[in-house]
Participant: 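Right, I'll just put the structure down here and ask away after.
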Amino acid sequence: MTDTAKIRRLAGLKAAGTPIVMVTAYDIVSARVAEAAGVDVVLVGDSGANVVLGYESTREVSVDELLVLSRAVRRGVSTPLLVCDLPFGSYEASNALAVETARRFRDVAGCDAVKIEGAGEIAERARAVVEAGIPVMGHVGLLPQHLEPGTPPRAQGRGVDEALAIARSARELEAAGCFSIVFEAIPAPVATAIARTLAIPSIGIGAGPDTDGQVLVFHDLVGLSRGRNARFVKRYADLFDPMVQAVQAFAADVRGGRYPEPSHAYPVDAGQLAAFLARLAAGE
Ligand code: KIV
C-alpha cells in the first residue's frame with residue numbers, strides 16, 4: 001500500500017467508527033513488534049529522546065539522532081503508516097527549514113509522514129510541508145517540545161480560554177492540510193468536543209475514549225520505561241524486571257563457571273586443531 005493509500009485508510013477507519021491504533025517505535029525490535037501486532041500507525045516519537053537516549057527533555061534530541069532511530073524503524077515496518085517527529089528547533093523558524101527537514105526524514109529515513117507540535121505559525125510550516133508533498137500529522141494540547149526542561153507536564157484545556165485555543169489550533173492544522181492530529185493530555189469531554197469539529201482523525205494520548213484513535217509510547221506500554229508514568233499510561237507488560245533477571249542469571253553463570261557449556265562451543269576437526277597448535281607453537 002502507498003503512503004497515500006495508508007492515509008486514506010485512516011480516514012476510512014474514522015468514517016467506519018473503527019478506532020485507529022498508533023504506537024511509538026525507536027529501533028528494529030520495537031518496529032518488528034509493532035508490525036507483528038498489526039497496528040495502523042507507527043510513530044518515531046521524539047519521546048525517544050527520553051526513553052531511548054536518556055535525555056531529560058525531548059528538546060535535546062537532534063535531527064541526526066532521530067534520523068538514525070527512524071531508519072532503524074523503517075527497516076522493520078512495512079504495513080503501518082510510518083510517521084516521524086520533526087525534532088525541536090528543526091522546523092519552527094521558517095517554511096523553508098520545515099520543508100528541508102521534512103524532506104530529510106522522507107528521503108534519508110523513508111518516513112511516510114512527519115509530525116510537528118503546535119499551531120499558529122506552526123500551522124504555516126505544516127501547510128508548506130504538505131504543499132511540498134509530504135503528509136503532516138499535527139499535535140495539540142500538551143506540547144512536550146514547548147516545555148522548559150525540568151517543567152512538569154500538565155493537562156491542557158481545563159479552562160475555557162485554553163480549551164478554545166486548542167480547538168482553534170486543531171482547526172488551523174486541519175485547514176493547513178494535516179491528515180490527522182494528536183491530542184495530548186486534554187480532559188476527555190474537551191477532547192471529544194474538539195474532535196467532533198474535525199473531519200480528519202484525532203489520535204488521543206490522555207485525551208479520553210472518544211478520539212478516533214489512541215497512541216501510547218512503546219516503552220511505557222511494555223513496562224520498559226523507568227520513573228513515574230503519566231496518568232494515561234496503561235502497562236500491558238512489565239518487561240524491565242525479567243530483563244534484569246536474565247542478565248543477573250547470565251552474570252551468575254559466568255562468575256560461577258556455568259556458562260558457556262560444551263553445547264555453546266563450535267566444534268573443530270581434531271586434525272586441523274593439532275596442526276594449528278603445532279604451527280602456532282612454532283611461532284607462525
Ligand atoms: O513523541 C511522542 O512519543 C509523541 C506521542 C506522545 C504522540 O509525540
Participant: In this structure, are over 12 heavy atoms from other groups packed under 6.0 Å from R235 atom CZ?
Facilitator: yes

Participant: Please check if the number of heavy atoms outside R279 that lie under 6.0 Å from its CZ is greater than 12.
Facilitator: no

Participant: Do V130 and F179 have side chains that approach each other closer than 4.5 Å (heavy atoms only, starting at C-beta)?
Facilitator: no

Participant: Roughly how far apart are E117 CD and E92 CD, rounded to 0.5 Å?
Facilitator: 9.0 Å

Participant: Taking the six-membered ring for Trp, are Y26 and F218 ring centroids under 6.0 Å apart?
Facilitator: no

Participant: Applying side chain to side chain contact (heavy atoms under 4.5 Å, CB included) to M243 and Q245, what does each step give before you reach the verdict?
Facilitator: CA-CA 5 Å; M243 286 169 67; Q245 284 154 16; over 6 Å; no

Participant: Is there side-chain contact between V44 and R71, with at least one heavy-atom pair below 4.5 Å?
Facilitator: no

Participant: Quick one: pull up CD1 in I20 and CG in D40 and give me the separation to the nearest 0.5 Å.
Facilitator: 6.5 Å

Participant: Once rounded to the nearest 0.5 Å, what's the spacing between atom CG of L224 and atom CG of D241?
Facilitator: 10.0 Å

Participant: Assigning hydrophobic clusters by single linkage (Ile, Leu, Val, Met, Phe, Trp, Tyr; side-chain heavy-atom cutoff under 4.5 Å), is L198 placed with L10?
Facilitator: no

Participant: Regarding D27 and S30, is there a side-chain donor-to-acceptor distance under 3.5 Å anywhere?
Facilitator: yes

Participant: Quiz question: by atom type and distance under 3.5 Å, do the side chains of E65 and S62 form a donor-acceptor pair?
Facilitator: yes

Participant: Atom CZ of residue position R32 - does it have more than 12 heavy atoms of other residues, nucleotides or ligands inside 6.0 Å?
Facilitator: no

Participant: Do H139 and I203 pass the side chain to side chain contact (heavy atoms under 4.5 Å, CB included) test, and can you show the C-alpha distance, the side-chain angles, and the key distance before you say yes or no?
Facilitator: CA-CA 9 Å; H139 188 147; I203 314 264; over 6 Å; no

Participant: Is D161 paired with R168 through a side-chain N to carboxylate O contact shorter than 4.0 Å?
Facilitator: no

Participant: Distance from M22 atom CE to L216 atom CG, nearest 0.5 Å?
Facilitator: 10.0 Å

Participant: Any idea how Y259 and H264 line up, ring-wise: parallel (<30°), tilted (30 to 60°), or perpendicular (>60°)?
Facilitator: tilted

Participant: So does K115 pair up with E184, basic N to acidic O under 4.0 Å?
Facilitator: no

Participant: Would you say V190 ends up clustered with I181 if hydrophobic residues are merged whenever their side chains have heavy atoms under 4.5 Å apart, either directly or through other cluster members?
Facilitator: yes

Participant: Apply side chain to side chain contact (heavy atoms under 4.5 Å, CB included) to the pair T58 and F88, showing each step before the final yes or no.
Facilitator: CA-CA 7 Å; T58 59; F88 177 71; 5.9 Å; no

Participant: Run the numbers on R127 and E124 for salt bridge (Lys or Arg N to Asp or Glu O under 4.0 Å), then give the verdict.
Facilitator: CA-CA 5 Å; R127 187 188 304 280; E124 290 316 306; 3.4 Å; yes

Participant: To check you understand the geometry: which heavy-atom pair defines the closest contact between D220 and S225, and what is its length?
Facilitator: OD1-OG, 2.6 Å

Participant: Rounded to the nearest 0.5 Å, how far apart are CZ of R106 and OG1 of T101?
Facilitator: 12.5 Å

Participant: At what distance, to the nearest 0.5 angstrom, does CD of Q145 lie from CG of D46?
Facilitator: 4.5 Å

Participant: Considering only heavy atoms from C-beta outward, does the side chain of V129 approach that of F105 to under 4.5 Å?
Facilitator: no

